[in-house]
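For reference, the structure discussed in these notes is given below.
Here is the naming used below: chain letters follow the sequence lines, and residue numbers restart at 1 for every chain.
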2 protein chains.
Amino acid sequence: MFTLAEENYLKAIFHLEHEFQGEVSTNAIAESMETKPSSVTDMIQKLAEKKLLTYKRYKGVQLTAEGKKVAANVIRKHRLWEVFLVEKLSFHWDQVHEIAEQLEHIQSEELIIRLDKFLGSPEFDPHGDPIPDKHGVLKRTEKKLLSEIDKNQKGVCVGVKESSPEFLQYLDKKKISIGTKIRVLGKEFFDGSMIIQVGSEQFFISHKIAENLYVQTQE
Amino acid sequence: MFTLAEENYLKAIFHLEHEFQGEVSTNAIAESMETKPSSVTDMIQKLAEKKLLTYKRYKGVQLTAEGKKVAANVIRKHRLWEVFLVEKLSFHWDQVHEIAEQLEHIQSEELIIRLDKFLGSPEFDPHGDPIPDKHGVLKRTEKKLLSEIDKNQKGVCVGVKESSPEFLQYLDKKKISIGTKIRVLGKEFFDGSMIIQVGSEQFFISHKIAENLYVQTQE
DNA sequence: TTCTATTTTTAGATTAGACTAAAAATTATA
DNA sequence: TATAATTTTTAGTCTAATCTAAAAATAGAA
């Protein structure tokens, strides 16, 4: 149906549209895909011809309904496979991204229907990211970055913004995973660093950590 | 490590070496891959440079130890995924080949180690074909084609030579699957057709069917 | 053994996707 | 508003993998 390269572009644009609302620039796509802007121009012209996105020269792109559907489906597959790898094959959450990058391109509707059922139709992947449903609809969740919550508030970790092995391994070392309760004991306004409580431990985290952890605050 | 095209060539050559002992001709490869002989020549020259096979112009090719290892590993992955699809996702044995053709190219040693363990280290795929071990060694089995066995002998179906959906669906209709006991009641020398007994049913099968079914005869 | 048929290889073209370098358009600044 | 800086596009090149058409080598038949 679509080539590997096309699917990867659509996926990247989909993510960028969510991160920054509105049109997505050529440069932003190039950066997120670690490729050159000229290559991006080539590809978005091809995707525009296929009506997967709208494109006006120098004005960036926007996915069409069809483009969004294709992208969401790739993301659905990626996240379902991540659940499979963690739940069934006992991979650790920092090991699954690269493998899922490959598995997300396997073409078979039936496979995904059955995989989803086999996994019990999960709603979130191992990093806490929501899995689009079969129509490409993403469930909205009201999560905040840990960096946005105030002193003395507490929240439950529900996901990570970045999911590099390095970051995930840091979280493991600190015994933070999805479901972990975190209380903010102190917050430094100068650099955004925090003292937090996790279980019985209290420790310092930098702003960089706090702005990559999603929490849900509880009333 | 290797491209999709390279892996597919190695796999095809590996199968051809087993089917007909000795060197494999350019034409044979082209036919089995549904491509042109000139394309095959290009690719085998590249594979020869990478020392995956030995090649002398006009003389056909032979896989090196390294080439065999790579090919067997692709086949191992294909067959393990087929077991997964049938055993875990309840696919039918005639639906899994095409999907496994894609899954066999997923690159991750760890994935295959874990998948194998998850499946209980199976020795055969759903069509009765042996799964190469992690070193690329194929277990030898003494199976015969049904067409080779004599009147009044009986055997257990242990595999199929061809595994097209059409053939597998024919077998289903006749209630033949792996493990089914078959007795040859009659054999026509003119066209190789047979009357066989399967369970309480007796029926006619053509030579074409008989030469695509593997059985193990029992003493 | 010589000629013919077949098989295999070479040469040259094509396509997808990427790249570099340079041109064009847009945005920011003085 | 003119100029500088930045972003984006175009033009042309490259590689992997394929193809067609033609040439070369091998095998088979008289």
Side-chain angles (χ1 to χ4, degrees), chain A residues 1-14 16-17 19-63 67 70-71 74 101-102 104-105 107, chain B residues 1-14 16-17 19-63 67 70-71 74 101-102 104-105 107:
Chain A
M1 199 62 196
F2 299 99
T3 68
L4 195 137
E6 287 169 341
E7 288 192 347
N8 282 336
Y9 272 95
L10 292 172
K11 184 180 55 150
I13 296 166
F14 185 94
L16 290 168
E17 280 188 358
E19 195 166 345
F20 323 96
Q21 334 291 77
E23 281 90 19
V24 177
S25 76
T26 302
N27 256 6
I29 299 169
E31 193 178 344
S32 91
M33 299 195 64
E34 301 188 317
T35 183
K36 301 290 163 181
S38 55
S39 309
V40 174
T41 301
D42 270 359
M43 182 56 95
I44 62 187
Q45 287 175 346
K46 202 185 327 172
L47 294 173
E49 275 192 19
K50 295 192 178 183
K51 310 260 189 243
L52 294 166
L53 46 78
T54 57
Y55 164 64
K56 279 215 211 87
R57 283 156 76 255
Y58 295 100
K59 294 294 180 192
V61 300
Q62 219 172 349
L63 293 177
V70 175
V74 174
E101 284 289 302
Q102 301 176 60
E104 72 188 7
H105 300 292
Q107 305 282 9
Chain B
M1 200 63 196
F2 299 100
T3 68
L4 194 137
E6 287 170 341
E7 288 193 347
N8 282 335
Y9 273 95
L10 292 172
K11 185 180 54 150
I13 295 166
F14 185 94
L16 290 167
E17 280 188 358
E19 194 166 348
F20 323 97
Q21 335 290 76
E23 282 90 20
V24 178
S25 76
T26 302
N27 256 5
I29 299 169
E31 193 179 345
S32 91
M33 300 195 63
E34 302 188 318
T35 183
K36 302 289 162 179
S38 55
S39 308
V40 174
T41 302
D42 271 358
M43 181 57 95
I44 62 188
Q45 287 174 347
K46 202 186 328 173
L47 294 173
E49 276 191 18
K50 295 193 178 182
K51 311 259 189 242
L52 294 166
L53 46 78
T54 56
Y55 163 64
K56 278 216 211 86
R57 283 157 76 256
Y58 296 100
K59 294 295 181 192
V61 300
Q62 219 172 350
L63 293 177
V70 175
V74 175
E101 284 289 301
Q102 302 176 61
E104 72 188 8
H105 300 291
Q107 306 281 9

Problem - NZ-CD distance between B:Lys59 and B:Gln62, expressed to the nearest 0.5 angstrom - result: 13.5 Å
Handout entry: Given DNA chain C, 5'-ward residue of the pair A:Met33 and B:Asn27, judged by closest heavy atom
Key = B:Asn27
Handout entry: B:Phe14 vs B:Val24, side chain to side chain contact (heavy atoms under 4.5 Å, CB included): CA-CA, chis, key distance, verdict
Key = CA-CA 9 Å; B:Phe14 185 94; B:Val24 178; over 6 Å; no
Problem - B:Glu17 side-chain N/O to B:Gly22 backbone N/O, donor-acceptor pair under 3.5 Å - result: no
Exercise for the section: Please work out if A:Thr26 contacts a base, only the sugar-phosphate, or nothing of the nucleic acid, heavy-atom cut-off 4.0 Å. Expected result: sugar-phosphate
Exercise for the section: Please say whether more than 12 non-hydrogen atoms of neighbouring residues, nucleotides or ligands are located less than 6.0 Å from CD in B:Gln45. Expected result: yes
Handout entry: Euclidean distance, atom NZ of residue B:Lys36 to atom P of C:dT6 [Å, nearest integer]
Key = 17 Å
Problem - Closest nucleotide among C:dA24, D:dA16, C:dT9 to the A:Tyr58 side chain - result: C:dA24
Fill in the blank from the handout: Testing C:dT9, D:dC19, D:dA16 for proximity to the side chain of B:Thr3, the answer is D:dA16
Problem - Between C:dT26 (P) and A:Glu23 (CD): distance, integer Å - result: 14 Å
Handout entry: Proximal nucleotide (of D:dT18, D:dT9, C:dT20) relative to the B:Thr35 side chain
Key = D:dT18
Could you list all N or O pairs between the protein and nucleotides 11-14 of chain D that sit under 3.5 Å apart?
none

Completion exercise
Side-chain contact check for A:Tyr9: nearest option of D:dA16, C:dG17, C:dA18 is C:dA18
Problem - Length of the OH-C1' vector between B:Tyr55 and C:dT8, whole Å - result: 7 Å
Exercise for the section: Please state whether the phosphate of D:dT26, meaning OP1 or OP2, lies under 4.0 angstrom from any side-chain nitrogen or oxygen of B:Arg57. Expected result: no
Problem - Passing candidate, side-chain contact (heavy atoms from CB on, under 4.5 Å) with B:Tyr9, options B:Val61, B:Leu53, B:Ile29 - result: B:Ile29
Handout entry: For atom CD of B:Glu6 and atom C1' of D:dT18, their distance in whole Å
Key = 14 Å
Completion exercise
In whole angstroms, the gap separating P of C:dA16 from CD of A:Glu49 amounts to 11 Å
Practice task
Measure from the side-chain heavy atoms of B:Lys59 and tell me the nearest of D:dA27, D:dT9, C:dA16.
Solution key: D:dA27
Problem - Length of the CD-P vector between B:Glu31 and C:dT6, whole Å - result: 15 Å
Fill in the blank from the handout: To the nearest angstrom, the CD-C1' distance between B:Gln45 and C:dT10 comes to 9 Å
Practice task
Show your reasoning for whether side chain to side chain contact (heavy atoms under 4.5 Å, CB included) applies to A:Glu7 and A:Leu10.
Solution key: CA-CA 5 Å; A:Glu7 288 192 347; A:Leu10 292 172; 5.6 Å; no
Problem - A:Asn8 and A:Met33: CA distance, side-chain angles, deciding distance, side chain to side chain contact (heavy atoms under 4.5 Å, CB included) verdict - result: CA-CA 8 Å; A:Asn8 282 336; A:Met33 299 195 64; 4.0 Å; yes
Exercise for the section: Give a yes/no answer on whether the side chain of A:Ser39 brings an N or O atom under 4.0 Å of OP1 or OP2 in C:dA18. Expected result: no
Practice task
Using whole Å, report how far NZ of B:Lys56 lies from C1' of C:dT9.
Solution key: 17 Å
